[in-house]
Amino acid sequence: MEAITQSEFGDADVLRLSEVPDPVIGPDQVLVEVRAAGVNPVDRLVRAGLLRDVVPHHFPLVPGWDVAGVVRRVGLAVEGFAPGDEVFGYQRKDHVQHGAYAELIAAHERGLAHKPAGLSFEEAGGLALAGSTALQALRRIGVGPGDRVLVHAAAGGVGHLAVQVARLLGAERVLGTASPRNHAFLAGLGAEPVAYGDALVDNVAEVLGGDARVDAVLDCAGGAALSDSWALVRDPARVVSVVDLNVVALGGLYAYAKPVADDLRWLADRAGAGELRVEVQQVLPLARAADAHRLIEGGHVRGKVVLAVG
Ligand SMILES: NC(=O)c1ccc[n+]([C@@H]2O[C@H](COP(=O)([O-])OP(=O)(O)OC[C@H]3O[C@@H](n4cnc5c(N)ncnc54)[C@H](OP(=O)(O)O)[C@@H]3O)[C@@H](O)[C@H]2O)c1
């Protein structure tokens, strides 16, 4: 099959379109013909070798943890899927070697769900990893009815899903930080846009009125956004970051997304019902994976970048 591979760590140029053997599935796996592979900032970290002390890597490796496609074959122990099913999934595995930037992937059942009919493969390919991150992080800080929630980097892959998920969990108000060009986009998702930068604390106060604070913060930006969060939230224990480990020393939580089939089904149900929209800024062919990485590295993607396969 054709796949994007890398045989060394480095910049985007190490990504090559290659011919590699078809994957072999184990008993708990599903062979998926990939139609779309979501591109995430973590793919860039893998590519550069920044996760080599966290997960074992094996060269040549095929990157990509986010997938949508059609089931071709199922392993002996798989009960929930059959050939021909349209699926999507978050395929972070215990070893980095056989990822989603490929025509076929051996996908673990635990990170797979049926794709809602109303969602395109490209949209579904961008939903699993970012949506799971948003849902799990917001649950960790108990977001629910009546909450006022602030999401940092709300126009990005995780953020734009998080503002919608927060509303679906019952949040009364959701504020989201973005540059002004994304403010109308955020308003369209049901969030109250706030400009980030030096005046962030004042900008939030202006939206909330007076010295009011938010109940919970999801940080997808880190650095100054996280530092400013302590002045903006009532209870530091309700700050969660998916980017910045400093959050823990300051009394908040760090969340790292897990592949959980129930969470994928939760996202699929909402997306299928039209309650959760996946914004895809750009679809690129598989062969242009390196360009997709350069786009992500620019730091200003709205929603998702997805690779189309096949
Ligand atoms: N822990 C986990 O499990 C986990 C899972 C997924 C992602 N992550 C991490 O979470 C972060 C976000 O991921 P993502 O996929 O959402 O990234 P992304 O889609 O690449 O984020 C791009 C967005 O960031 C916004 N942005 C850039 N600088 C900002 C700032 N200083 N303040 C507020 N917004 C800013 C941009 O908005 P403007 O264009 O309007 O500036 C853009 O829309 C990444 O660092 C990623 O590695 C962690």
Side-chain angles (χ1 to χ4, degrees), residues 37-48 50-51 54-55 63-66 90-92 111 125-141 150-165 175-189 191 193-201 203-204 217-229 232 239-248 252-260 263-264 267 278-282 292-306:
V39 179
N40 290 283
V42 72
D43 302 346
R44 183 175 74 82
L45 303 182
V46 166
R47 192 202 69 216
L50 298 176
L51 296 188
V54 183
V55 197
W65 293 1
D66 234 351
Y90 170 22
Q91 290 295 316
R92 174 167 66 69
L127 174 60
L129 190 158
S132 299
T133 306
L135 178 60
Q136 292 170 14
L138 291 167
R139 281 184 176 152
R140 288 280 299 276
I141 49 169
L150 172 64
V151 177
H152 291 298
V158 177
H160 88 291
L161 294 168
V163 298
Q164 299 174 78
V165 169
L175 282 62
T177 66
S179 55
R181 70 180 187 93
N182 279 320
H183 284 192
F185 168 63
L186 289 188
L189 298 176
V194 183
Y196 59 80
D198 291 345
L200 174 63
V201 174
N203 295 344
V204 171
V217 176
L218 167 54
D219 169 39
C220 305
L226 180 63
S227 311
D228 282 346
S229 298
L232 294 169
V239 176
V240 63
S241 181
V242 296
V243 200
D244 197 333
L245 283 160
N246 291 318
V247 68
V248 177
L253 292 165
Y254 176 79
Y256 199 74
K258 292 180 196 167
V260 178
D263 291 347
L264 295 171
L267 295 164
V278 185
E279 173 78 7
V280 178
Q281 174 184 301
Q282 199 160 346
H293 276 222
R294 291 184 194 105
L295 255 178
I296 291 276
E297 279 166 337
H300 294 285
V301 168
R302 175 188 290 174
K304 300 297 304 178
V305 171
V306 173

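In each ligand, atom 1 is the first atom listed, and ligand 1 is the first ligand listed.
Within the 4.0 Å heavy-atom shell around ligand 1 one finds Leu129. At least one heavy atom of Arg181 sits less than 4.0 Å from an atom of ligand 1. Ligand 1 does not have Ala130 within reach: every non-hydrogen atom of the residue lies 4.0 Å or more from it.
Annotation: atom 19 (O) of ligand 1 to nearest protein heavy atom, Gly157 N, 2.8 Å. In this structure, the protein non-hydrogen atom closest to atom 8 (N) of ligand 1 is Val242 O, 3.8 Å. Ranking the protein heavy atoms by distance from atom 45 (O) of ligand 1 puts Val243 CG1, 3.5 Å first. When only non-hydrogen protein atoms are considered, atom 12 (C) of ligand 1 lies nearest to Cys220 O, 3.5 Å. Nearest protein heavy-atom neighbour of atom 3 (O) of ligand 1: Ala257 N, 2.8 Å. Nearest to atom 42 (C) of ligand 1 among the protein's heavy atoms is Val301 O, 3.1 Å. With hydrogens left out, the protein atom closest to atom 40 (O) of ligand 1 is Ser179 OG, 2.5 Å, a heavy atom. Nearest protein heavy-atom contact of atom 29 (C) of ligand 1 is Tyr196 CZ, 3.6 Å.
Each of the following atoms of ligand 1 lies closer than 4.0 Å to a heavy atom of Tyr254: 1 (N). Near Ala178, the atoms of ligand 1 lying under 4.0 angstrom from a non-hydrogen atom of the residue are 40 (O). Annotation for ligand 1: atoms under 4.0 Å from non-hydrogen atoms of Ala155 are 43 (O). Within ligand 1, the atoms closer than 4.0 Å to a non-hydrogen atom of Thr177 are 33 (C), numbered from 1 in the order shown. Annotation for ligand 1: atoms under 4.0 Å from non-hydrogen atoms of Thr133 are 4 (C), 5 (C), 6 (C).
Here the shortest heavy-atom pairing between Val243 and Tyr254 reads N-CE1, 3.9 Å. A pairwise comparison of heavy atoms in Ala162 and Leu138 identifies O-CD1, 3.5 Å as the closest pair. The two residues Leu161 and Ala130 come nearest to each other via the heavy atoms CD1-CB, 3.7 Å. The two residues Ala292 and Val305 come nearest to each other via the heavy atoms CB-CG1, 3.9 Å. Smallest separation of non-hydrogen atoms from Asp228 and Gly197: OD2-O, 4.2 Å. The two atoms that bring Leu200 and His152 nearest to each other are CD2-CE1, 3.6 Å, heavy atoms only.
Backbone and side-chain nitrogen or oxygen atoms of Ala255 are examined, and one is located within less than 3.5 angstrom of a nitrogen or oxygen of ligand 1. Between Arg302 and ligand 1, no N or O atom pair is found at a separation short of 3.5 Å. The distance criterion of under 3.5 Å between nitrogen or oxygen atoms is not met by Asn40 with respect to ligand 1.
Residues Val247 and Leu253 form no side-chain contact, since every pair of their non-hydrogen atoms from C-beta on lies 4.5 Å or further apart. For the pair Val39 and Lys304, the minimum side-chain heavy-atom distance is 4.5 Å or more. The shortest side-chain heavy-atom distance between Tyr256 and Val242 does not fall under the 4.5 Å cut-off.
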Applying side chain to side chain donor-acceptor pair (under 3.5 Å), run through His293 and Arg47 and close with a yes or a no.
-> CA-CA 9 Å; His293 276 222; Arg47 192 202 69 216; 3.0 Å; yes
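A salt bridge links Asp263 with Arg139; the closest basic N to acidic carboxylate O contact falls under 4.0 Å.
When Pro41, Pro180, Gly299 are ranked by how near their heavy atoms come to atom 27 (C) of ligand 1, first place goes to Gly299.
Gln91 and Asp66 are not linked by any side-chain donor-acceptor pair at a separation below 3.5 angstrom, with hydrogens and angles left out of the test.
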